[in-house]
Amino acid sequence: MTNVTFIAHDGTETTIDIANGDNVMRAALANDIDGIVGECGGSMMCATCHCYVDDAWADRVGPRADGEEDMLESAACEVKPTSRLSCQIRIEPELDGLVVHLPESQT
Ligand code: FES
């Protein structure tokens, strides 16, 4: 299990354990994290799972997947250099302690 902290737009922090191999979006939905919608179920067709990887983790999470950049263009909130589709962040033990920030809105 890998520990991931979600920081909502209002500053509320929630930390959950995610099974390795799962992705951040699916885990957020399973744990009722407000701020992640995941409308397309993780097939990179919606951008409602947009999140900002904390600066300290940006390099460790790795680059955006093919096509992720294009889909982020339809995100509801500002896209930043640390923006990711959380469905494309696969959880691995090396990401233990990962922090992601949630945008104000996904729609
Ligand atoms: Fe739709 Fe991530 S859930 S792009």
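What you see is a predicted model; the values in this text were computed from it and never measured. Whatever order the structure lists ligands and atoms in, that order sets their numbers, starting from 1.
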Which of the ligand 1 atoms, numbered from 1, are nearer than 4.0 Å to a heavy atom of [X]:
X	result
Met44	4 (S)
Gly42	3 (S)
Gly38	3 (S)

Quick check: do [X] and [Y] have side-chain heavy atoms less than 4.5 Å from each other?
X	Y	result
Met44	Glu68	yes
Leu95	Ile18	no
Gln88	Cys49	no

| request: Check whether any N, O or S atom of Cys40 sits under 2.8 Å from atom 2 (Fe) of ligand 1. | output: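 Given the 2.8 Å cut-off, Cys40 does not count as a ligand of atom 2 (Fe) of ligand 1.
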| message | Yes or no: does Met71 have any heavy atom under 4.0 Å from an atom of ligand 1? | response |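 No, Met71 has no heavy atoms under 4.0 Å from ligand 1.
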| For ligand 1, which part of Ser43 has a heavy atom less than 4.0 Å away: the side chain, the backbone, both, or neither? | neither
| Side chain, backbone, both or neither: the part of Met45 lying under 4.0 Å from ligand 1 by heavy atom | backbone
| task | Using atom types as modelled and distance alone, determine if a side-chain donor or acceptor of Gln106 lies under 3.5 Å from a backbone N or O of His50. | result | yes
| said: When you measure from the side chain of Asn31 to the backbone of Ile33, do you find a donor-acceptor pair of N or O atoms at a distance under 3.5 Å? | reply: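 A pair under 3.5 Å: no.
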| Are Leu85 and Phe6 connected in a single hydrophobic cluster, I mean Ile/Leu/Val/Met/Phe/Trp/Tyr linked by side-chain heavy atoms less than 4.5 Å apart? | no
| request: Scan Asn23, Asp96, Val24 and name whichever one has a side-chain contact (heavy atoms from CB on, under 4.5 Å) with Ile91. | output: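 In the set Asn23, Asp96, Val24, the residue that makes a side-chain contact (heavy atoms from CB on, under 4.5 Å) with Ile91 is Val24.
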| said: Under 2.8 Å from atom 1 (Fe) of ligand 1, can any N, O or S atom of Cys49 be found? | reply: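 It does not; every qualifying atom lies at 2.8 Å or beyond.
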| request: Check whether any N, O or S atom of Cys46, backbone or side chain, sits closer than 2.8 Å to atom 1 (Fe) of ligand 1. | output: yes
